[in-house]
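What follows is a single structure, written as structure tokens, with notes after it.
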Amino acid sequence: MAMEKDNNAGGTLDGLPILLTGLQPTAGIHLGNYLGALQNWVAMQRDHRCLFFISDMHAITVPGSGGGQLRKTTMDCAAFYLACGIDPEKSCIFIQSQVFGHAELAWVLGCLASVGQLERMTQFKDKSGHSGGFIGAGLLYYPILMAADILLYNAKRVPVGEDQRQHLELARDLAEKFNGTYGAFFNVPEAFVGNVCARVMSLQNPLVKMSKSDENTMGALFLMDSNDKIQKKIRTSVTDSEGSIRISAEKPGISNLLHIFSGISGDSVSALEERYAGVGYGQFKADIADAIIEKITPIRERFFHLRREENFLANVLEKGRIHAQGCALSLLDKVYDLVGFQRRFTEE
Ligand code: AMP
Ligand code: TRP
């Protein structure tokens, strides 16, 4: 993948928009991550210059998630990226903590953000409400680090699920604030939120999003779940007693299953509604479970294969790190210059 060090031309490179996005390597990858994020990323490689990273620095904002477990889940995440179809020949894949510049740019951007703005973030309010008393400053600062991740590569397009839209707004705001304060420099990034599966809901409570941290383990379906588990999770998913398969605000469970089915099969929701008119929930659920199994079995197999290929994975990540570091340092130098920090006498 030939990407120049200096990727700073209005968020495009070689005429293609620069795309950047990432996942936190906490626990496993669930169906929301796959349908709301990874599946779209794979398709977007065709017409973007892509950087996909593993946001391990974000992962430690959740107490107890660091250490050896993080080291393992970071490599799991890299293997999942490849298993799902991210192509290391086309795209840059790297680990956030291995590239200097993310934290440095976050510091500069943090000096432009107000505490009130951060305290109003929905995810901060949710997570700090469930923190058991301790609210880490990292949890508050997290959206600034995310803005830095994006701006460090002057990304134009950032594919995320619905839950990250507010963080993207902050990144846009900080890009504009920086431009207003130090001179026009950053491209203002756009969120790219897919349609059907931008918000996959919990299988046990379809009013809340499917999440890795769901206390009810039957609510989230992981790509690593066995076929039996997938069947059980779909079979016991919460629906309603009305008996008709259609999208409706009063039928959040069935609506969620229809969205999942559509995301997995590529069929439109209306085509599925038509196909399943008059069919019972039991059959509908069995068909969804089969479709999920068919889709993710090859991904799971590729994952296990790649996870055993430690050297190959390490090489992909090292190649990604070198490329990303080149982009990051060249951009950070320009930012430091605009901010008024002294120039270094020697090049690193
Ligand atoms: P996270 O698991 O929070 O690191 O999220 C990684 C990516 O998956 C982000 O782009 C999220 O917006 C997306 N995502 C997470 N949960 C869901 C969900 N339930 N439905 C759709 N997308 C999701
Ligand atoms: N915060 C994102 C999430 O939890 C992950 C992430 C970190 C990210 N930095 C990013 C996504 C930059 C897109 C761009 O899903």
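All ligand and atom numbering here is 1-based and tracks the order in the structure.
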- prompt: What residues form a salt bridge (Lys or Arg N to Asp or Glu O under 4.0 Å) with K209, not counting sequence neighbours?
  reply: D163
message: Any side-chain to backbone donor/acceptor pair from E309 onto L306? Under 3.5 Å, distance only.
response: no
task: Within a distance under 4.0 Å of any heavy atom of V158, pick out the atoms of ligand 2 and give their elements.
output: 13 (C), 14 (C)
message: So L203 and M218, do their side chains get closer than 4.5 Å, heavy atoms only?
response: no
query: Could an N or O of ligand 2 be found under 3.5 Å from any N or O of Q24, whether backbone or side chain?
result: yes
- request: May I ask you to identify the nearest protein heavy atom to atom 9 (N) of ligand 2, giving residue, atom name and distance to one decimal place in Å?
  value: D149 OD2, 2.7 Å
message: My understanding is that we take every heavy atom of each candidate and find the minimum distance to atom 3 (C) of ligand 2. Doing that for K212, Q164, H102, which one comes out nearest?
response: Q164
Side chain to side chain donor-acceptor pair (under 3.5 Å) pairs, two or more places apart, involving residues 105-122: Q117-D173, T122-Q166
field: Output field: ring centroids F94/Y153 closer than 6.0 Å
entry: yes
- prompt: Heavy atom under 4.0 Å from ligand 2: found in V160's side chain, backbone, both, or neither?
  reply: side chain
field: Heavy atom of the protein closest to atom 5 (C) of ligand 2 (residue, atom name, distance)
entry: G22 O, 3.6 Å
query: Does the side chain of V193 come within less than 4.5 Å of L168's, by heavy atoms?
result: no
field: Cationic N near anionic O, under 4.0 Å, R157 to E190
entry: yes
- request: If you have a sec, work out which protein heavy atom is nearest atom 13 (C) of ligand 2 and how many Å separate them, to one decimal?
  value: T21 OG1, 3.4 Å
field: Pairs satisfying salt bridge (Lys or Arg N to Asp or Glu O under 4.0 Å), at least one member in residues 283-297, at least two apart
entry: none
Those protein residues which place at least one heavy atom below 4.0 Å from ligand 1: L23, Q24, H30, G32, N33, G36, A37, V160, G161, D163, Q164, C197, A198, R199, V200, K209, M210, K212
message: Regarding R246 and E250, does a basic nitrogen lie under 4.0 Å from an acidic carboxylate oxygen?
response: no
- request: Determine the interplanar angle of the H102 and F53 rings, folded into 0 to 90°, and report it as parallel if under 30°, tilted if 30 to 60°, perpendicular if over 60°.
  value: tilted
For atom 4 (O) of ligand 2, the protein heavy atom that lies nearest, with its residue and separation: Y142 OH, 2.9 Å
- prompt: ligand 2 versus D163, non-hydrogen atoms closer than 4.0 Å: side chain, backbone, both, neither?
  reply: neither
Atoms in ligand 2 flagged as close to F53, the criterion being non-hydrogen separation under 4.0 Å: 7 (C), 9 (N), 10 (C), 12 (C)
task: Could you list which atoms of ligand 2 come closer than 4.0 Å to a heavy atom of I150?
output: 12 (C), 14 (C)
query: Does the gap between the ring centers of Y142 and H58 come in under 6.0 Å?
result: yes
